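Residue numbers begin at 1 in each chain, while the letters A, B, ... track the order of the sequences. Only a predicted model underlies this, so the values are computations on that prediction, with no experimental measurement involved.
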Amino acid sequence: MPKNLTETRLVFMGTTSFADAILNSLLDEKYNIVGVYTQPDKRVGRRQEIRKNAVKITAEKDNLDIFQPEKFDAAATNKLKNLKPDLIITAAYGKILPKEILEIPKHKCLNVHASLLPKYRGPSPIHNAILAGEKETGTTIMLMDSGIDTGDILSQKKIAIQSDDLHPLLQGKLADLSSALLINTIRGWLSGEIKPEKQDDSEATYCQMIKKEDGHVLWSDEAQSIYNKYRAFYHWPGMFSFWERNGSNLRLKLSKIGAIKNNPQSRHHLGEIFEISDKVGVQTSEGVVILEEVQLEGKNKLDIRNFINGYPDFVGSILK
RNA sequence: CGCGGGGUGGAGCAGUCUGGCAGCUCGCGUGGCUCAUAACCACGAGGUCCCGGGUUCAAAUCCCGGCCCCGCAA
């Protein structure tokens, strides 16, 4: 084992802004990062421009060697071997590493996973903790094995979820927490102070990749769970419903919704828009969702009052 | 040339198809009413109808070109 942490040859793999925050904290610690792996650039937006992800931008700024393999075939695997990594750190990379890769670094592969494993194994732990209305979640540093988020745990730390935390805020908190924990864990792991602990598979829960369609609001849900969905999907994919107008179903993004009003007296149709004093609500199966800002397809985001000024027939209509 | 919606007083919209007085809901200003108001009444200010060209007696509206905003898709 290298005596000095800065001599450890470290490879980082990550893609999202969460991963970027982790990478930045490793850079702050002056670790010797000999390679950065991230997902290939994707074409994005109406003009199909190529956009670099956050990790790539950071890596370029620091003149790190960047690798963006579509998959780990023989050539990609050899390239990685040539980097002679002592340790691989992954965080929200978005690719499953074949077993052969996991065996390359002598100090193995560490993964940062933003949940209290074995809870919320899978690609969307933060989203799903919010969706489920959890009061707390956390972050786990673990060794990677061939399963998905099933490896032995090195360290773990909890954090509270506030009832009005939106996904980006909670993700930011978890990134900070994870960064600090990772720094300590790397030190402890390389020095042999930390011993891996097996996960209790009987306690495991799993989450799926979030799809765009998941943002479609079901007004037959309860207001509280719709609000949780709003918090979880705030950054992506957002929340939307459909408003029928002049025979066509227009997509209406609910870009900002307010607290829930539990007034059992209110018995409108599911999805019906109505005014409550100075606010605008939508009827759910239990409670009311308050609309604060919406965006009709083809239009800009609008404060609900301005929206109704332009579309007075919105009140009384039913969202689907 | 991936598909589609849009640009009209400070905000949001209608008007465009079928060319003919610049309209609606708000906001703003002044006055009134009220114990009171995101309430009500009266009056009022505020517009190069995105830009450029064309057609026409006449263009927000029709034709050509350009700029910008947005939804989908990826």
Review point. Do you see a donor-acceptor pair shorter than 3.5 Å between the side chains of A:Asp20 and A:Thr58?
Key: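 Note: A:Asp20 and A:Thr58 side chains meet the donor-acceptor criterion.
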
Review point. Distance only, no hydrogens: is a donor on one side chain within 3.5 Å (strictly under) of an acceptor on the other, for A:Thr77 and A:Glu100?
Key: no

Pairing partner (Watson-Crick or G-U wobble, both distances under 3.5 angstrom) of [N]:
| N | answer |
| --- | --- |
| B:rC57 | B:rG20 |
| B:rU34 | none |
| B:rG2 | B:rC72 |
| B:rC49 | none |
| B:rC67 | B:rG7 |
| B:rC43 | B:rG29 |

Practice item. Determine yes or no for a side-chain-to-main-chain donor-acceptor pair under 3.5 angstrom, with A:Lys279 supplying the side chain and A:Glu292 the backbone. Key: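 Judged by distance alone, no pair lies under 3.5 Å.
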
Point to revise | Exam field: side chain A:Arg9 to backbone A:Leu83, donor-acceptor pair closer than 3.5 Å | key: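 Yes, A:Arg9 side chain to A:Leu83 backbone: donor-acceptor pair under 3.5 Å.
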
Review point. Any chance NZ of A:Lys52 has more than 12 other-residue heavy atoms, nucleotides or ligands included, within less than 6.0 Å?
Key: no

Review point. Mapping A:Asp278 and A:Arg245 onto RNA chain B by nearest heavy atom, which one lands closer to the 5' end?
Key: A:Arg245

Which value, in whole Å, describes the distance between the [atom1] atoms of nucleotides [N] and [M]?
| N | M | atom1 | answer |
| --- | --- | --- | --- |
| B:rC21 | B:rG15 | C1' | 14 Å |
| B:rA73 | B:rA59 | C1' | 36 Å |
| B:rG27 | B:rC17 | C1' | 32 Å |
| B:rG6 | B:rG44 | P | 35 Å |
| B:rC50 | B:rU8 | C1' | 10 Å |
| B:rC40 | B:rC33 | C1' | 8 Å |
| B:rC24 | B:rC64 | C1' | 33 Å |
| B:rA60 | B:rU48 | P | 13 Å |

What's [X] touching, base or sugar-phosphate or nothing? Going by heavy atoms closer than 4.0 Å.
| X | result |
| --- | --- |
| A:Arg46 | base |
| A:Lys212 | sugar-phosphate |
| A:Lys301 | nothing |
| A:Arg251 | sugar-phosphate |

Exercise for review: Kindly determine whether A:Thr15 and A:Asn53 satisfy side-chain hydrogen bond (donor to acceptor under 3.5 Å, both in side chains), including the steps that lead there.
Suggested key: CA-CA 7 Å; A:Thr15 299; A:Asn53 66 55; 4.8 Å; no

Any side-chain heavy-atom pair of [X] and [Y] under 4.5 Å:
| X | Y | result |
| --- | --- | --- |
| A:Ile89 | A:Ile33 | no |
| A:Tyr227 | A:Val289 | no |
| A:Leu252 | A:Phe307 | yes |

Exercise for review: Specify the residues of residues 310-320 of chain A, ordered by number, for which at least one heavy atom lies under 4.0 angstrom from an atom of RNA chain B.
Suggested key: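 Per residue number, the list reads A:Gly310, A:Tyr311.
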
Check your understanding: Does anything in residues 289-300 of chain A reach RNA chain B, meaning a heavy atom under 4.0 Å, and if so which residues?
Key ->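 Listed by number, they are A:Gln295, A:Glu297, A:Gly298, A:Lys299, A:Asn300.
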
When the ring planes of [X] and [Y] are compared, do they come out parallel, tilted or perpendicular, using 30° and 60° as the limits?
| X | Y | answer |
| --- | --- | --- |
| A:His167 | A:His127 | parallel |
| A:Phe242 | A:His216 | perpendicular |
| A:Tyr230 | A:Tyr234 | perpendicular |

Check your understanding: What are the bounds, 5' to 3', of the part of RNA chain B that sits under 4.0 Å from heavy atoms of chain A?
Key -> B:rG2 to B:rA74

Check your understanding: Name the one of A:Gln156, A:Gln199, A:Lys157 that satisfies side chain to side chain donor-acceptor pair (under 3.5 Å) with A:Thr140?
Key ->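 Among A:Gln156, A:Gln199, A:Lys157, the one that satisfies the side chain to side chain donor-acceptor pair (under 3.5 Å) with A:Thr140 is A:Gln156.
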
